[in-house]
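All values below come from the heavy atoms of this structure, side chains included, with hydrogens, waters and symmetry mates left out. As the structure lists them, so they are numbered: ligands from 1, and atoms in each ligand from 1.
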Amino acid sequence: MSIQVDPAWWKTLFDEVYLLTDARSVCDRQITRREVDLICRLLPIQDSHKILDLCGGHGRHCLELSRRGYTACTLLDYSEKLINIARTNASKNDLKMEFICGDARQMDIPPASYEHVIIMGNSLGYVQQDGADAKIISEAFRVLRTGGWILVDVADGEAVRSSFSPNAWHEIGEGVVVCRQREIREPFICAREVVLSKSDGLIRDQSYAIRIYDAAGLSDLLEESGFTRINIHTEFSPHAADGDYGFMNNRMIAIGQK
Ligand SMILES: C[S@@+](CC[C@H](N)C(=O)[O-])C[C@H]1O[C@@H](n2cnc3c(N)ncnc32)[C@H](O)[C@@H]1O
């Protein structure tokens, strides 16, 4: 049976359960450090630069950037729950940053506010209407200063297709099992995710669909919004061990300049 997806799935999925199901990628400090090493290698960031972590979830990248002395970071995400987790973490660790809960397609931010915008951890492709990702990238362009840089980190569509597996499961600690059933429905990958606690039963049964990009598609997306000097890197994978990490296995990193 084909996987049924509520088009508004992305408005509710990103909460504490997501931090469990994706913990192997998004709650592993080593992985975040490797990703931030990559950001610092690819972008000409200076201490005083303003950085927008767009669709930044629970803020792992801007928290790490702030730890490294880049203290003018802003986190924007739709999920209030993740923003609140980031806020608590920042205050516990005495790290200063700004927080905005909002939609990346229409941001309440003045033009030319940042030197860098980063979109990490496969955060594009959630809204199914054509043109939704173009709105996000155009907004990133608008809020960047002239000469500023964007960095987009998404799953490498070609690698996703070639290593596609319709079923996957993994355990989290002793008590929780995450099962995923997947389907390719171009240009989307649809997935049903069932999360079970061995002691308490069903935690979540939710489906989602994510648009996947190949290098040419991602490059066009940036170019159509006005970015130049676009470069795509496909050799990056932050996981040291083999495994099925869903969209986080094979990454495609695009940079572009305003
Ligand atoms: C897979 S998570 C990645 C989060 C973070 N970048 C990371 O790597 O940990 C995707 C995030 O994108 C956010 N997101 C997706 N579409 C968005 C939109 N239109 N506006 C704001 N946030 C959005 C979700 O709320 C979610 O927190």
Side-chain angles (χ1 to χ4, degrees), residues 5-39 51-65 73-87 89-90 97 99-109 116-140 142-143 150-155 160 178 180 188-189 191 193 206 208-213 221 236-239 245-249 251-254:
V5 181
D6 171 359
W9 66 267
W10 61 278
K11 294 186 172 180
T12 54
L13 185 102
F14 294 102
D15 59 7
E16 303 82 357
V17 178
Y18 147 77
L19 292 179
L20 259 187
T21 59
D22 286 36
R24 297 175 306 165
S25 298
V26 301
C27 297
D28 180 325
R29 281 283 296 279
Q30 275 303 105
I31 285 181
T32 300
R33 283 192 194 117
R34 281 184 205 122
E35 292 168 351
V36 173
D37 289 346
L38 181 79
I39 295 169
I51 304 168
L52 175 62
D53 185 4
L54 188 53
C55 305
H58 67 304
R60 62 196 182 99
H61 296 104
C62 56
L63 287 163
E64 178 63 21
L65 283 164
C73 292
T74 301
L75 170 67
L76 186 145
D77 201 273
Y78 190 85
S79 164
E80 201 172 349
K81 287 183 179 157
L82 294 189
I83 290 271
N84 286 338
I85 290 170
R87 205 192 296 278
N89 258 334
M97 63 187 59
F99 303 92
I100 303 174
C101 191
D103 191 328
R105 291 171 296 171
Q106 201 174 11
M107 298 189 272
D108 191 12
I109 294 175
H116 306 280
V117 174
I118 56 173
I119 305 178
M120 300 298 296
N122 201 47
S123 301
L124 285 182
Y126 294 1
V127 179
Q128 289 181 22
Q129 286 99 349
D130 289 339
D133 291 338
K135 276 191 189 156
I136 296 179
I137 301 298
S138 295
E139 275 291 84
R142 184 182 67 76
V143 302
I150 189 170
L151 184 151
V152 181
D153 156 35
V154 289
V160 169
V178 180
R180 293 182 176 134
F188 297 95
I189 301 282
E193 187 169 276
Q206 192 167 355
Y208 49 86
I210 299 184
R211 186 183 293 266
I212 50 169
Y213 285 95
L221 190 68
F236 181 67
S237 180
H239 291 278
Y245 300 100
F247 294 99
M248 303 298 251
N249 268 87
R251 315 278 276 273
M252 182 163 62
I253 316 293

Item to check | Ring-ring centroid check Tyr208 Tyr18, cutoff 6.0 Å | outcome: no
Checklist entry - Does the separation of the ring centres of Trp10 and Tyr78 fall below 6.0 angstrom? => result yes
Which of the ligand 1 atoms, numbered from 1, are nearer than 4.0 Å to a heavy atom of [X]:
{"X": "Trp10", "answer": "16 (N), 17 (C), 18 (C), 19 (N)"}
{"X": "Gly57", "answer": "4 (C), 5 (C), 27 (O)"}
{"X": "Gly121", "answer": "1 (C), 3 (C), 8 (O)"}
{"X": "Asp103", "answer": "18 (C), 19 (N), 20 (N)"}
{"X": "His61", "answer": "7 (C), 8 (O)"}
{"X": "Arg60", "answer": "7 (C), 8 (O), 9 (O)"}

Next on the checklist: Can you tell me which residue among Leu63, Ile51, Asp53 is in a side-chain contact (heavy atoms from CB on, under 4.5 Å) with Met97?
Outcome noted: Leu63
Look only at interatomic distance and state if [X] has a nitrogen or oxygen under 3.5 Å from any nitrogen or oxygen of ligand 1.
{"X": "Ile136", "answer": "no"}
{"X": "Leu82", "answer": "no"}
{"X": "Tyr78", "answer": "yes"}
{"X": "Asp77", "answer": "yes"}
{"X": "Leu76", "answer": "no"}

Checklist entry - Salt bridge check: are Asp130 and Arg211 linked by an N-O gap of less than 4.0 Å? => result yes
Checklist entry - Contact between Gly102 and ligand 1, counting heavy atoms under 4.0 Å? => result yes
Checklist entry - Of all the heavy atoms in Lys11, does at least one lie under 4.0 Å from an atom in ligand 1? => result no
Next on the checklist: Let's go through Gln206 and Thr12 carefully: what are the C-alpha distance in whole Å and the side-chain angles of both, what is the deciding distance for side-chain contact (heavy atoms from CB on, under 4.5 Å) to 0.1 Å, and is it a yes or a no?
Outcome noted: CA-CA 10 Å; Gln206 192 167 355; Thr12 54; 3.4 Å; yes
Item to check | Residue portion contacting ligand 1 (non-hydrogen atoms closer than 4.0 Å) for Asp53 | outcome: neither
Item to check | Intermediate values then yes/no, side-chain contact (heavy atoms from CB on, under 4.5 Å), Leu54 and Ile118 | outcome: CA-CA 6 Å; Leu54 188 53; Ile118 56 173; over 6 Å; no
Item to check | Under the salt bridge (charged side-chain N to carboxylate O under 4.0 Å, His left out) test, residues paired with Asp6 that sit two or more places apart | outcome: none
Next on the checklist: Between Asp133 and Leu124 (side chain of the first, backbone of the second, donor and acceptor by atom type, cut-off under 3.5 Å), is there such a pair?
Outcome noted: no
Checklist entry - Is a side-chain donor or acceptor of Asn122 paired with a backbone partner of Val154 at a separation under 3.5 angstrom? => result no
Checklist entry - Should Asp108 and Arg142 be marked as a salt bridge (charged side-chain N to carboxylate O under 4.0 Å, His left out) after you check the CA-CA gap, both sets of side-chain angles, and the distance that decides it? => result CA-CA 11 Å; Asp108 191 12; Arg142 184 182 67 76; over 6 Å; no
Checklist entry - Among Ala86, Gly125, Ser123, Cys101, whose heavy atom sits nearest atom 3 (C) of ligand 1? => result Ser123
